[in-house]
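Heads up, the thing below is written out as structure tokens.
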Amino acid sequence: MSMGWKAIHRWLGLTLGALALVLGLSGALLTVDPVQQAWQAPGAADDLPVATVVERVDRTIPGIEELRRLPSGVVVVYAFDGNKALAVRVDPANGAILGPYQPTALPRWVKNLHRQLLLGDAGRWGAAATALAMLLLSLSGLVLLLRRMGGWRHVAGHVRGTLAQRVHVVSGRIVLAVLLLSSATALYMSATTLGLIALDAAQEPEVTSVVDGHAQLPAERIAQLKQVRLGELRALNFPDATDSEDTWKLTTRQGESWLDRYSGEVLATQPASTAQRLYDWALLLHAGEGAWWTWAVLLGLTGASIPLFLISGLLIWWRTRQDRPRIINNSPLAQADMLIFVASESGSTWGFAETLHDALVRAGHRVHSAPLEHFGLGPAARQVFVLAATYGEGQAPAHAGGALAYLAALPGNHVPVTVLGFGDRQFPAYCAYAEQVDALLRERGWPALLPLERIHQQSAQQFARWGEALAAALGAPLVLDYRPRLPATTELRLVSRQDYAGREGQPAAILRFAWPAQGAWDRLRGRGLARFDAGDLIAIVPPGSPVPRYYSLASGSADGFVEICVRHLPGGLCSTWLLGLQSGDHVPAFIRENPGFALPASRRPVLLIGAGTGVAPLAGFIRRNERRVPMHLWFGARDPARDYYFRPDIERWQEEGRVASVQTAFSRVPDGGGYVQDALRRDAERVRRLVAQGALVRVCGSRPMAHGVAETLDQILGALRLSVAQLKAKGRYAEDVF
């Protein structure tokens with residue numbers, strides 16, 4: 001669908017949030033009534049024959065008209081004492097009166113609010129429409145949850161992101177099934193109330209008792225009443241004492257029966273209709289009536305959680321809206337010579353589109369930018385650019401779901417269309433959607449000014465280099481100085497540092513910052529430092545530069561501190577500044593997730609392979625390995641005396657069993673073992689055995705090192721007919737390279 005599940009979810013939530021809030025809270029209040037009734041019900045007597053119960057209450061209460069068992073288990077007798085109507089609760093075990101039966105006023109008022117919004121029949125239609133909207137809202141939420149978590153297998157996995165996102169997702173996956181069930185059953189019950197579905201299969205039969213001069217048969221002697229148990233009973237209507245032809249009417253879950261008052265014979269039966277059976281189930285599942293307190297309490301908690309959904313959802317929407325770029329000088333399509341079409345899931349790709357748009361405008365062009373699903377050409381078009389991000393496992397961003405089919409239906413054209421992809425190399429389907437768009441355009445005969453280029457992790461440097469190639473192709477100066485819209489930063493205070501000599505002229509340090517105290521409201525709004533795990537990235541903004549530098553985290557939120565390993569780069573603004581910090585100094589920072597590198601909750605063995613400061617996230621994985629998953633570390637550096645980072649920690653973790661084995665290689669000392677690839681080759685048999693057991697592999701370090709490790713592992717795993725590419729495709733191999 002062109003709108004996409006995200007758009008459906010967002011707009012339904014925004015437009016019907018208030019109604020959903022009213023229905024959710026009123027529904028939560030209504031669940032109190034069945035719980036209270038179940039609490040008041042006497043001890044279990046459901047196995048008693050109905051005939052026995054009738055005989056006992058008949059001795060206690062004269063003039064009974066109806067005996068009814070409520071879904072909660074409460075037994076109510078309706079009778080007349082002279083001209084006075086009675087409704088009393090009774091104990092079926094002895095027929096004793098427990099007290100008057102009178103539903104409280106609050107449930108009646110709340111029921112009117114919940115079922116018809118206090119507006120009569122018009123309100124019933126409104127409640128039905130809201131139930132339908134809630135069903136669509138729940139379905140779209142389920143689709144988005146599965147997309148975010150990576151499918152059913154990972155739906156219970158660790159949730160990342162801002163507090164508002166985590167609240168929305170965690171509470172959502174707990175109660176989504178209940179909300180789906182509740183909205184579907186509400187829709188069905190509304191259909192019966194509005195007469196769209198008839199509950200009665202047929203009209204009641206016309207039956208009368210045969211007056212044969214004999215006295216009325218006592219209930220305890222009627223076979224049908226002796227066979228039916230109290231737990232099956234819905235209602236038993238007594239024969240009218242003033243009408244000699246009146247009958248017993250027995251209603252159970254299976255249907256209705258009419259019994260002769262003199263002989264006890266069954267005069268007629270009418271099975272419950274399918275619609276009625278469905279209604280009974282809908283009532284039980286929707287209101288918890290008859291399910292005792294556990295289901296009713298769950299329903300109540302679900303209804304009460306809707307304000308949490310609404311608030312967290314509104315905060316997510318508002319933050320996304322605030323972060324969305326506003327493109328100025330956007331020429332109409334018919335007048336523009338340069339066209340930019342964007343496919344972006346989170347909105348970040350629009351920031352690059354805005355930079356390209358502004359640069360082309362400064363170069364004297366009339367530029368039109370729009371979402372990819374609005375692709376089209378005007379008479380003045382000379383160049384077209386498609387900036388396409390890839391979502392999940394190679395899918396299109398939600399809003400551009402139908403763009404490929406639309407493009408496939410267009411005839412080819414002589415106007416060049418250049419595609420620029422955005423993605424993350426950690427994922428097997430890196431820039432897969434951009435590749436699909438590019439392949440389709442070439443197949444349909446569209447030329448390209450430049451071949452497909454891919455931007456890794458929103459790299460401003462890669463984008464600038466692509467801009468240089470574009471400028472050369474256009475034959476005009478063009479500078480793409482992308483300045484990302486940075487989220488709010490948090491001040492981190494340095495509490496300790498461990499210094500290392502490192503290689504010549506390139507000292508290093510492990511820097512530990514205090515975890516900042518934050519209020520719940522600030523965290524819910526996405527202010528302050530987001531929750532993070534080892535392997536995520538922390539972005540630090542150095543003085544004098546608007547561009548953040550990213551460092552892999554050696555700690556997670558649960559550790560209570562923020563830790564990174566920094567090596568000095570000659571001329572490096574951020575590394576020079578960081579290594580000059582002293583305890584008590586502050587740095588502005590924010591968290592960026594790195595989900596492709598994260599370790600899933602699993603008992604499978606893990607191969608951790610790193611070199612230099614690349615050991616930092618691997619050390620973080622080991623630090624949090626409280627379940628003692630078999631982790632094996634291969635670490636390469638130059639000199640154990642100068643750059644064996646985390647050495648005391650690693651040795652302690654090995655003693656504690658957090659890391660099963662440690663193999664090192666030092667390339668600048670005699671007999672140091674060479675490079676980390678050499679250590680892997682020496683351990684080839686064990687590496688093969690662990691991979692054959694389903695091991696996960698995580699590699700962190702420089703790009704040349706990661707390339708060398710991949711080549712070495714391809715050689716080692718050849719005997720298993722496996723490769724790094726195959727492991728990546730199965731989600732078992734990920735890199736964090738710099």
Any heavy-atom pair between the side chains of [Y] and [X] that's under 4.5 Å?
X      : Y      : answer
Trp248 : Arg261 : yes
Ser257 : Gln224 : yes
Glu256 : Leu250 : no

Would a distance-only check, ignoring hydrogens and angles, find a side-chain to backbone donor-acceptor pair under 3.5 Å from [X] to [Y]?
X      : Y      : answer
Thr247 : Trp258 : no
Arg89  : Tyr101 : no
Asp246 : Asp243 : no

Give, for atom [atom1] of [X] and atom [atom2] of [Y], the distance between the pair rounded to the nearest 0.5 Å.
X      : Y      : atom1 : atom2 : answer
Leu236 : Arg234 : CG    : CZ    : 14.5 Å
Thr252 : Gln254 : OG1   : CD    : 4.0 Å
Glu65  : Phe80  : CD    : CZ    : 5.0 Å

Counterpart residues, ring-ring contact (aromatic ring centres under 6.0 Å, His included), relative to Tyr188 (two or more places apart): none
salt_bridge(Glu220, Lys226) N-O dist < 4.0 Å: no
Salt bridge Arg69-Asp46, side-chain N to carboxylate O under 4.0 Å: yes
Full working for side chain to side chain contact (heavy atoms under 4.5 Å, CB included) between Tyr78 and Leu86: CA-CA 6 Å; Tyr78 298 90; Leu86 298 176; over 6 Å; no
Within 6.0 angstrom of Arg221 CZ, more than 12 heavy atoms from elsewhere: no
